[in-house]
Structure formats: C-alpha cells, structure tokens
Amino acid sequence: MLQRLKDTDFLGLVLWVFRAAMIIMIVWGTVATIIENPYPAHTWIDTIVAGIAQGSLYALIAIGYTLVYGVLFMINFAHGEFFMSGIMTATIFVAQPMGASGFLDRNPILGLAIITVVAMSVSVGIALLTERVAYRPLRKAPRLVPLITAIGASFFWQYFFRGLYGSEVKSFPQLESLTGKVSVVGIEILKTHIVVIVAAILMLIGLYMFVMKTKTGKSIRAVAENKDVAALMGIDVDKSVSITFAMGAAMAGIAGVLYAVVFRQVHFFMGFIPGIKAFTAAVLGGIGSIPGAAIGGLFLGMFESVGPGLFLEGLGVPAPHQLKDVIAFTMLVLVLIFRPQGILGERLAEEKA
Amino acid sequence: MTKRSLIILGLLVVASMVLAACGGSSYECDDPIGCVTYGPGEPVRIASALVISGPNTDLGTDSQYGAEIAIAFRDNIMGHPIELQAEDDGCSAEGGQSAGQKITSDPTIIAIVGTSCSGAGVPMSEVMSEAGYSMVSPSNTAPSLTDPDQAWNPGYLRTAHNDKVQGKAMADFAYNVLGLTTAAAIHDGDPYTEGLARVFADSFEELGGTIVEFTAVNKGDTDMRPVLSAVAAAGPPEFLYYPVFTAEGGFLTKQAKEVTGLENTVLAAADGMISSAAIEAVGEAGEGMYFSGPDLSFSGDIYDKFLAKYIEDYGSEPISVFHAHAFDATNMIFDCIEEVAVQDGESIHIGRQALRTCLYSTSGKQGITGTLTCNEYGDCADPKISVSQLTNGEYVKVWP
C-alpha cells in the first residue's frame with residue numbers, strides 16, 4: 001500500500017512537472033512572440049482564418065469518426081478513404097470535364113452542386129459497401145478485430161483508387177467566381193475560406209438537428225445507447241448502423257468537395273493524413289459527441305495554423321511551421337491530461353469506455 | 001529424432017559443405033569485399049532503386065526507362081544477358097532503407113542504379129556500402145551525399161549534378177538576370193530540398209542579395225498559407241524559391257498567389273518539379289514560374305538513337321529530366337564490369353572492390369550528358385544547369 005502510494009506520487013509528480021513545463025513553454029513563447037511582434041495584424045488574421053477553414057474541414061471529417069464510435073464503439077480508420085474516394089471520382093469524371101468546357105465558370109452553383117452530389121454518392125456508396133462487407137460480419141467479434149479490419153479496408157481503398165485513377169496528382173479546376181477575396185467587416189477573407197466555413201457550419205447544424213429531432217435520429221441514438229434494448233423496442237439495428245455510416249460518409253464527401261475547392265489538388269493518398277487529423281480532432285473534442293467533433297476540429301485547425309507562429313517564433317525556433325504537427329499533438333496531450341474525456345466529452349459509461 | 005539419425009544428418013551436412021567447397025570452379029576470389037560469379041548463361045544482374053510510385057512516379061519511371069534503354073543497347077556483357085531488378089525508393093528515407101535491404105539481401109546483384117530522391121539516397125547509400133555494393137545515382141543532387149563529412153559512403157557515385165551548382169545557378173539567375181535583390185527559400189526537410197535551398201540562399205547573399213526568410217514545410221502538408229504568410233510578413237521577398245516535390249510544390253504555387261504581399265513575387269522551383277505531373281499540380285497558378293534543372297539540350301548520335309528508342313518503347317517524349325543521366329549511369333557500371341570481370345571458361349567473376357575502384361577512376365568518358373569524370377567522392381557529372389519558364393503549360397528554356 002505504502003509502495004503503491006509512493007509510485008503514484010512519483011508518477012503524479014512527473015506529470016505535474018510535464019504539465020507545468022509545457023504551460024511555461026507556451027506562455028513564454030507567446031509572450032516573447034507578442035513582444036517581438038514579427039507579423040503585422042493582417043498576417044495574424046489570415047492565419048486565424050486559414051486555421052478556422054482547415055478546422056472546419058477536420059470537423060466535417062471528424063463527424064464520421066464520432067458517429068461510428070458513438071454507435072459501434074469502433075474506430076473506423078477507413079473513413080479518410082471515404083473522404084478521398086468521393087472527391088477523386090467527382091474531380092475526374094465531373095469537375096475536370098466541366099472545368100475544361102467552361103461549364104463550371106458559367107454555372108458555378110449548379111456545377112458545384114453536381115460535383116457535391118457525385119462526391120457524396122460515391123463516398124456513401126463506398127462506406128455502405130465497406131460496412132456491409134467488412135464490418136457487419138465482425139460486429140460480434142472482439143473490439144480489436146474491426147479496428148484491424150478498418151485499417152485493412154483503408155489500405156484496400158487507397159490502392160484500389162490508385163489502380164483505378166493512377167498515382168498522379170489530379171488538378172481540380174479553379175472557379176472564377178471563387179477567386180480572390182471579399183471584405184467582411186473590414187477583414188479581407190478568401191472567398192474559398194468563406195465557402196468552407198459557412199458550408200461546414202450549415203452541415204454541422206443540419207446533422208445535429210437530424211440526429212436530435214427526427215425519428216431516424218432518435219433510433220440511432222437508441223442504438224448508440226444499447227443495441228439489444230433498441231432491437232427489443234422494434235428498431236432495425238442494422239439499418240440504423242447503415243444510416244450512421246451513410247451520414248458520416250456524406251459529411252466526408254462534402255468535406256472532400258470543400259477540400260478540393262480550397263486546395264485544388266487531389267490524390268489517392270489525400271485521405272490518410274486528414275483522416276488521422278480528424279480522428280485526433282474527434283478525440284480532442286470528446287469522441288462520441290457531435291458538437292465535440294466540431295470544437296475539436298476547430299481547435300486542431302487553429303493550433304496547427306496559429307501555433308507555430310505564436311508559440312515557437314518567440315522562442316527563436318527556426319522554420320517553426322515544419323513543427324505544426326508537433327504543436328497540434330502536444331496540445332492534444334495537454335488537453336487530454338487535464339480533460340481525459342476530451343473538451344466536450346461526457347464521462348463514458350463503463351460499457352463504452 | 002534418434003541419436004543415430006542426428007549423427008547421419010551431421011555427417012551429411014559436413015559432406016555437402018566439403019563437396020560445395022571443392023566442386024565448382026578453381027577461381028579464387030582475392031577481392032577484399034568479395035566477388036560475384038555468374039555461371040554459364042546466367043544473366044548479369046543489376047538493380048534499380050527509383051521512385052516508381054506516388055506523386056513523383058514520373059521522375060523515377062523516366063530514369064528507369066533510361067536504364068532499360070542502356071541495357072537494350074548493350075544487349076550482353078561478355079556473352080551474359082543483363083537483368084534489371086526494379087525496386088521502389090518511395091522518395092523517402094524509409095523507402096530507401098527498405099529498397100537497400102531488399103537489394104543487398106540478394107548476393108547475385110552486382111550494382112545499383114539509384115536512388116531517385118536524395119532523401120532515399122542517404123540511408124540507401126549506407127546500407128549498400130556496408131554490404132559491399134556499388135551504386136550510381138542518376139538524380140540524387142543533395143550536396144551532402146558526396147561530402148565525406150556528411151552522408152558519403154564508399155561505393156556511392158552519381159551522374160547527376162551536385163546542387164552546389166544548381167543552387168548557385170538559380171541565385172545567379174535571380175540576382176543578375178532578373179535583377180532581384182530580396183529572396184526567400186522554403187524546403188521540406190528532405191536532404192535534397194534543404195541542401196538546394198541552403199546553397200541558393202548562401203549564393204544569393206554572396207552575390208549581394210538579401211534572404212528575408214529561410215523556412216520549411218512538412219512533406220504531406222496541404223495548408224501552406226500560414227508559412228507563406230510568415231514569408232510575406234518577413235519581406236515580402238521579390239523572389240521565392242521552393243525546390244520541393246510535386247505535391248507540396250503544387251500547394252505552395254496555388255496558395256502563394258492568394259497570400260497578401262506575395263501577389264507579385266516571382267516563384268521558382270527546381271528539377272524535382274519538372275514533369276508533366278508537376279504541370280498538372282501547379283495548374284494555371286504556375287504560369288510564368290521558373291524552374292532550375294539540368295540542361296537537357298543534349299545532342300549527338302547516341303542521344304538521337306536514345307530518343308528514338310524511348311519514343312518507340314514508351315510511346316512518348318521523355319516524361320521527366322533524368323533519363324539521360326540514368327542511361328549514362330548504367331553505362332558507367334557496364335563499362336567497369338567489362339573492365340574488371342575475370343573470364344573463367346564460360347563464367348565471369350567480378351570483384352566488388354575492383355568494380356568500385358574502376359567506377360571512381362572513370363575519367364573523360366563520353367556520355368549523353370557530357371564528359372563524365374569522377375572525383376574521389378563520386379561526383380561524376382559534367383554539370384550544366386539551365387532555367388526554364390512555364391509558358392502555356394510547357395517548360396521553355398530561358399537561360400543561359
């Protein structure tokens with residue numbers, strides 16, 4: 001007993017020293033940066049807006065992780081591939097021909113709508129297929145089995161689409177009407193960033209309402225609470241799970257279109273890193289919670305974008321932007337040390353944890 | 001297993017070893033790091049370790065075609081056919097490491113053409129050197145690879161230029177030809193990009209220019225606006241050089257135009273982004289951008305024959321820039337094999353150290369890329385650098 005107390009104390013001490021050191025570093029770096037003031041105000045604003053836009057993308061992808069985790073307690077690592085498959089297909093078969101013929105510039109709204117529908121359909125199709133073929137047969141298996149299957153599915157889709165479309169980078173056409181900046185309350189913001197942020201907010205609100213207010217949403221929440229009881233109440237569990245996957249994939253499909261609008265470049269490997277980052281965002285916000293995914297995505301985007309300049313510039317670290325992932329993940333650790341359940345996460349019931 | 005059968009087994013093992021040792025040829029290898037023997041009719045085996053997957057596929061595939069054409073032209077070495085084992089360097093340190101281990105686990109391979117990317121070259125050079133192989137790279141350009149204080153290992157050579165030359169040429173072009181005095185450089189942490197960006201920055205300052213920012217992104221990054229904003233805030237520079245690869249270069253090019261302060265900055269990249277995939281990646285935003293790279297205005301009978309064969313076999317004009325360097329690298333290896341191989345009936349024996357010595361003593365050899373003369377650390381190129389500009393979706397040579 002005494003020994004155990006001693007061990008705990010030592011570990012606790014190490015953790016406290018670590019926390020304190022991290023916070024001192026961050027505060028010191030921030031203060032030094034503010035005193036040094038290396039960037040003009042508009043640079044900070046640009047960086048913050050870029051962070052919000054990037055964060056919105058993470059949030060949309062993170063929804064997929066959170067929904068599936070909430071219902072099946074499974075981490076669907078193939079989710080990044082759902083994101084990639086939709087926009088790759090839409091770029092090659094819809095966006096590039098429409099861009100080349102000038103249709104996209106004449107009817108940007110209709111064009112984007114068609115691209116979105118195609119991207120969403122493909123993402124949802126791939127998600128449902130993966131769920132049916134790879135996940136459903138394993139639903140009763142120990143929890144590590146679907147996890148490994150998901151990683152396998154992720155590789156499968158990556159190389160499937162590589163075989164289908166080739167390994168080159170594909171260019172997404174530039175939309176004339178989305179080029180340049182507009183002034184919002186005196187701040188110059190890229191039009192593409194506004195589109196991303198507005199679209200993400202609308203989608204997140206829509207999804208939240210769907211889950212909270214509709215009957216289907218209610219059945220999904222019931223399945224998330226307890227599959228067996230939900231089945232006894234006459235809820236079709238398989239159907240609810242399928243709908244959950246479809247919703248997550250639809251969000252990923254839209255995220256893909258927004259990604260392409262901002263970055264104008266797609267590639268078979270493009271889903272991997274955003275997938276990992278979005279999973280991080282979901283954990284940061286509290287996995288299983290929809291507002292948590294949104295907040296987590298936003299935080300992660302901001303840490304990546306503003307963090308290097310704010311925390312490291314003042315400490316005199318050379319090439320700070322190369323370290324943005326280090327910052328993002330350090331912040332994740334820091335948040336989880338203080339709030340193990342994530343920013344908005346509830347304390348999980350025994351069964352879910 | 002009984003005791004007796006164990007004894008019989010042991011005797012059999014010993015007997016087979018003795019038989020193996022005295023059977024076969026009477027040739028005794030006196031090479032300090034070993035010999036490779038090819039029996040009657042056995043192919044001479046070389047390996048390639050080039051990037052043949054991912055966004056930089058064009059770069060490596062193009063070089064592999066160059067090596068294949070060299071093999072087709074040579075047809076045989078002292079009556080032995082030639083076999084190429086193609087591996088992927090993945091354009092990364094991990095890729096170079098695994099390609100190196102795979103190749104060096106095969107003792108019938110005598111030499112390697114590779115790697116494509118300097119980042120893969122650093123670990124690969126170490127692995128193959130340790131195992132006694134020789135390797136000639138058609139497109140590694142990082143200065144560190146032929147610097148004995150840094151990443152050079154015995155057995156490593158290259159027919160590609162050293163970026164000390166390329167970075168200097170770009171600085172010269174920006175300062176003297178374009179008349180610009182402030183510049184910034186961005187690399188991605190890869191030895192090739194960092195080395196080149198560093199040489200450019202140093203040369204530019206030597207000429208009298210100012211480097212306002214020297215910074216880096218990560219491989220795999222997509223959102224370059226924060227780093228570009230930092231560059232803009234530091235200057236903004238008149239000239240921005242980012243000698244990175246296709247994917248990151250595409251994002252940098254497209255986003256630079258959208259960052260306040262960089263609207264009029266002249267953009268430039270390097271040979272890692274001279275390919276049809278890179279043109280697609282930079283899109284319209286790349287129009288007017290400059291690229292440094294090896295001067296490809298080759299001429300001569302061999303090049304005409306080479307080009308005709310390339311178009312015939314692969315159905316297009318060369319897709320990237322280092323095909324001729326790969327052709328020369330492969331021929332350098334073949335010439336040395338022919339020089340050092342010992343004929344023994346219908347077999348040939350090649351000493352690994354003898355091959356290395358021969359490669360390093362290459363001098364005045366005529367290749368497509370110029371006259372190759374190797375120094376003691378394996379820089380063999382006859383470096384000619386040119387700058388081209390992307391005009392109407394094509395690279396057009398503008399200097400010198």
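Letters A, B, ... are given to chains in the order of the sequence lines, protein chains preceding strands, and every chain is numbered from 1.
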Selection from B/Asp58, B/Thr260, B/Val282, B/Val259 maximising heavy-atom pairs under 4.5 Å formed with chain A: B/Thr260
Carboxylate-amine/guanidinium proximity below 4.0 Å for A/Lys324 and B/Asp221: yes
Side chain, backbone, both or neither of B/Glu284 within contact of chain A (heavy atoms, under 4.5 Å): side chain
A/Arg264 bridged to B/Glu280 by N-O distance under 4.0 Å: no
For chain B, the option from A/Asp46, A/Leu190, A/Ile273 that forms the most heavy-atom pairs under 4.5 Å: A/Leu190
Residues, nucleotides or ligands: over 12 heavy atoms within 6.0 Å of A/Phe299 CZ: no
Closest heavy-atom pair and its distance - B/Ala230, A/Thr43: N-CG2, 4.5 Å
OG-OH distance between B/Ser53 and A/Tyr159, expressed to the nearest 0.5 angstrom: 6.5 Å
Partner chain B: residue of A/Gln174, A/Glu304, A/His42 with the largest heavy-atom pair count (under 4.5 Å): A/His42
Proximity breakdown for B/Asn56 and chain A, heavy-atom pairs closer than 4.5 Å: neither
Over 12 non-hydrogen atoms of neighbours within 6.0 angstrom of NZ in B/Lys219: yes
Chain B contact via A/Gln158 - which portion, at a heavy-atom distance below 4.5 Å: neither
Region of B/Thr222 that comes under 4.5 Å of a non-hydrogen atom in chain A: both
A/Tyr259 portion near chain B, given a 4.5 angstrom heavy-atom threshold: side chain
Heavy-atom proximity to chain B below 4.5 Å, by part of A/Val262: both
Evaluation steps, side chain to side chain contact (heavy atoms under 4.5 Å, CB included), between A/Ser305 and B/Arg225: CA-CA 8 Å; A/Ser305 168; B/Arg225 289 183 184 89; over 6 Å; no
Which of B/Val217, B/Asp223, B/Asp188 touches chain A most, by non-hydrogen pairs under 4.5 Å: B/Asp223
Closest heavy-atom pair and its distance - A/Gln322, B/Gly189: NE2-CA, 3.3 Å
Residue pair B/Ala247 / A/Gln265: nearest heavy atoms and the distance that separates them: O-NE2, 3.2 Å
Heavy-atom check, side chain of B/Glu258 versus side chain of A/His193, under 4.5 Å: no
A/Phe263 versus B/Lys254, closest heavy-atom pair with distance: O-CD, 3.7 Å
Largest heavy-atom contact set with chain A, pairs under 4.5 Å, which of B/Gly250, B/Ala277, B/Gly283, B/Ala281: B/Ala281
